[in-house]
Amino acid sequence: MPSQLEALNRWIDDVAKRTRPDHVHWCDGSEAEYRQLVDEMLETGDLVELNQDTHPRCYLHRSDPKDVARVEKLTVICTSNREDAGPNNNWMDPDEAHAKIDALFDGCMQGRTMYVVPYCMGPLGSPLSRCGIEVTDSPYVVANMRIMTRMGTAALERIEREGTFIKALHSIGELDPERRWIMHFPEELAIKSYGSGYGGNALLGKKCHALRIGSSQARSEGWLAEHMLIVGIENPRHEIRYVAAAFPSACGKTNLAMLIPPEGYQRDGWKVWTVGDDICWMRPGKDGRLYAINPEAGYFGVAPGTSARTNPNALAMLQHDTIFTNVAVTDNGQPWWEGLDQRTPAKDWQGRDHDPANGPAAHPNSRFTVRASQCPSWSPEAENDQGVPIDAIVFGGRRRSLVPLVMEARDWTHGVLMGASMASEATAAATDVGHNVRRDPMAMKPFCGYNFGDYFAHWLSFDQPGMKLPKVFHVNWFRKGDDGRFLWPGFGDNMRVLEWMLKRVTGEADAIETPIGHLPRVEDLNLDGLELADGALEALFRVDGAEWRDEQAAIGKYLESYGARLPAALKAEHRRIVEALEDEAEPAPLRVHASAS
Ligand code: SAT
Ligand code: MN
């Protein structure tokens, strides 16, 4: 028997009977196994070798052109009670869902190898970690899972000790968008995905397990599974404080997680440590603080826009041992994407001779898969079984207007409302969500495995006597001026905003109270060495009463869509802000900043 665990063997047998693979391979996660997989994929053309002199052990995968991102309309949560999935999810009855997708799985692995991939989300010895088994017929998925998770024998041993695991079944099928589903069964701790080989649709440890099933597990077990980066900020006194931040996909989470502080900060001794760039699992420790782990072991980051200016740490880590997906290639076989540098690529992401008439050379959602520890700013604390204590939680979206650069919630309840009210302009990370501003609470809209009303209640439930909860902030790096240009430089300069947050945590900075939250006083922001356009500072912090009254009305309407499941405390908090805005002719910060600059 391949495993000591009877239930596991039985499930693998059942799956093999249905999918009828030619071979079954239990992955041990070894280097030799990875090399073997890569060699096979080079042979079949699943991988293309990149320039091995400049980029040792780097390869390119070109996905099917109709399979380039998550597909939200085919992503469903299957709970016995529809209300439990909530209006934030597509729902299907579990029996109907199994029947529908099992029919697709019938015989789908004939002529292929079925890989059994044991994986652990989080450090192998951590009580916060959770394990799963992904069964897949895609060697590309296996190779990616080896980079993205703790995969192989050690994970299997933990599964055998614990006796439980998430059952994650995947087949690329025919890669036909008409025969594609990504289904979640939180009550059975199971995932079934068919018809896509791309990212979150196929690497089932990531969004499917660590967020959708994870959030549901977290709710019943008293912790939080969040779409957040985790970053450590070391000050000149060598104290490191950890911040967790939620942004929708493709809004710069990876850049923020790997931020390089501006020169002046570096001179003073500030450093940034990367714990995670996408997912954060947090739970209260005995001391009442929230402790977080990054359940992943690698980064599956957006390539376009990554450059020596925007993210030098990422660029450094991508020089070796990286799988690129859907990027372009230069004539000397190097990976290339828009925003990297001034060169012109030879081949586009589909392998055609590059022709600007065909659109961008790299697909806008093209990605790199790389070990977390390859990042120069990687924090060894990412391997800490106990996790790192979180001092600040940050929510942010992509908003060209309205939302100030940074504001702080008055308390936990207000912070939860701030997260619940988040909205963002759509990006390339999902193919089917249009281009308007959409509500994306806690950046979890595509990833929360249960009713958002219950999710907000779960967040609120952490506010209890004895808890030392993080401070909550909201940021918007993307506000634009009347000329359509970004008002804030972003990237490394976001350090200035992080420093203000930490000063608020330690009580070293004051703030200005407004109906929508606390704003910084200009004198508390370190703007040394920063050149902002005339009037940019005022514009970044402008709070327009009339616009915010409209925004709050829209938020109220949105929250009402959760009906009876919406916690009363959140409704009351919203009412309070609406009333405060009504009382205020023009909120204060406009006046303060106009005179302070
Ligand atoms: O494709 S993924 O879901 O892994 C990436 C993302 O959308 O954040
Ligand atoms: Mn993400």
Side-chain angles (χ1 to χ4, degrees), residues 61 63-64 66-75 119 121 134 136 138 140-141 143-145 147-149 168 170 172 180 182 184 191 193 195-215 225-231 244-258 274-281 294-306 314 323-327 363-370 372 394-398 422 424-433 438 440-449:
H61 173 73
S63 79
D64 186 283
K66 290 194 289 298
D67 183 30
V68 292
R70 284 182 290 104
V71 197
E72 295 186 5
K73 67 177 191 293
L74 302 176
T75 301
Y119 65 87
M121 301 311 292
E134 177 161 358
T136 177
S138 161
Y140 166 80
V141 166
N144 276 268
M145 284 294 283
I147 297 173
M148 295 301 298
T149 72
H170 169 253
I172 55 172
R180 179 176 296 165
I182 301 96
H184 305 74
I191 303 158
S193 165
S196 166
Y198 204 88
N201 296 339
L203 313 178
L204 301 186
K206 196 172 176 62
K207 308 296 173 149
C208 298
H209 177 164
L211 288 178
R212 296 195 193 96
I213 299 287
S215 61
E226 299 301 324
H227 191 204
M228 292 179 177
L229 65 92
I230 308 166
V231 74
F247 296 82
S249 297
C251 283
K253 285 219 304 294
T254 303
N255 293 340
L256 185 59
M258 298 173 190
T274 310
V275 179
D277 81 327
D278 196 35
I279 302 179
C280 165
W281 285 357
N294 170 15
E296 301 191 284
Y299 312 114
F300 182 68
V302 179
T306 307
I323 299 177
F324 293 91
T325 303
N326 290 346
V327 300
H363 189 278
N365 193 36
S366 55
R367 299 271 171 162
F368 51 76
T369 320
V370 64
V394 181
F395 296 116
R398 189 180 276 273
M422 261 172 73
S424 194
E425 290 148 24
T427 68
T431 47
D432 55 345
V433 295
R438 73 163 175 175
D440 191 351
M442 280 82 168
M444 284 286 277
K445 166 71 188 69
F447 308 120
C448 182

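Both counts, for ligands and for their atoms, begin at 1 and track the order of listing. When reading the values below, keep in mind they use all heavy atoms of this one structure, side chains included, and skip hydrogens, waters and symmetry mates.
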Original post:
Is the shortest side-chain N to carboxylate O distance from Glu72 to Arg438 below 4.0 Å?
Top reply: yes
**OP:** Please report the shortest heavy-atom distance between His170 and Ala202, naming the atom on each side.
**Re:** NE2-CB, 3.5 Å
Original post:
Do you know which two heavy atoms are closest between Gly396 and Met422, and how far apart they sit?
Top reply: O-CE, 3.1 Å
Is the shortest N/O to N/O distance between [X] and ligand 1 below 3.5 Å?
X: Tyr198; value: no
X: Arg70; value: yes
X: Gly200; value: yes
X: Ser249; value: yes

Subject >> Cation over ring face, Lys253 and Phe247, 6.0 Å, 45° >> reply: no
**OP:** May I ask you to list the atoms of ligand 1 that are less than 4.0 angstrom from any heavy atom of Lys206?
**Re:** 4 (O)
Original post:
Under 4.0 Å from any heavy atom of Phe300, which atoms of ligand 1 are there?
Top reply: 1 (O), 4 (O)
Original post:
Any idea which N/O/S atom from Asp278 gets closest to the Mn ion (ligand 2)?
Top reply: OD1
Original post:
Any side-chain heavy atom of Thr75 within less than 4.5 Å of one from Arg70?
Top reply: no
Subject >> At the Mn ion (ligand 2): angle between Lys207 atom NZ and His227 atom NE2, to 10 degrees >> reply: 90°
Original post:
Do Asn144 side-chain atoms and Met148 backbone N/O form a donor-acceptor pair below 3.5 Å?
Top reply: no
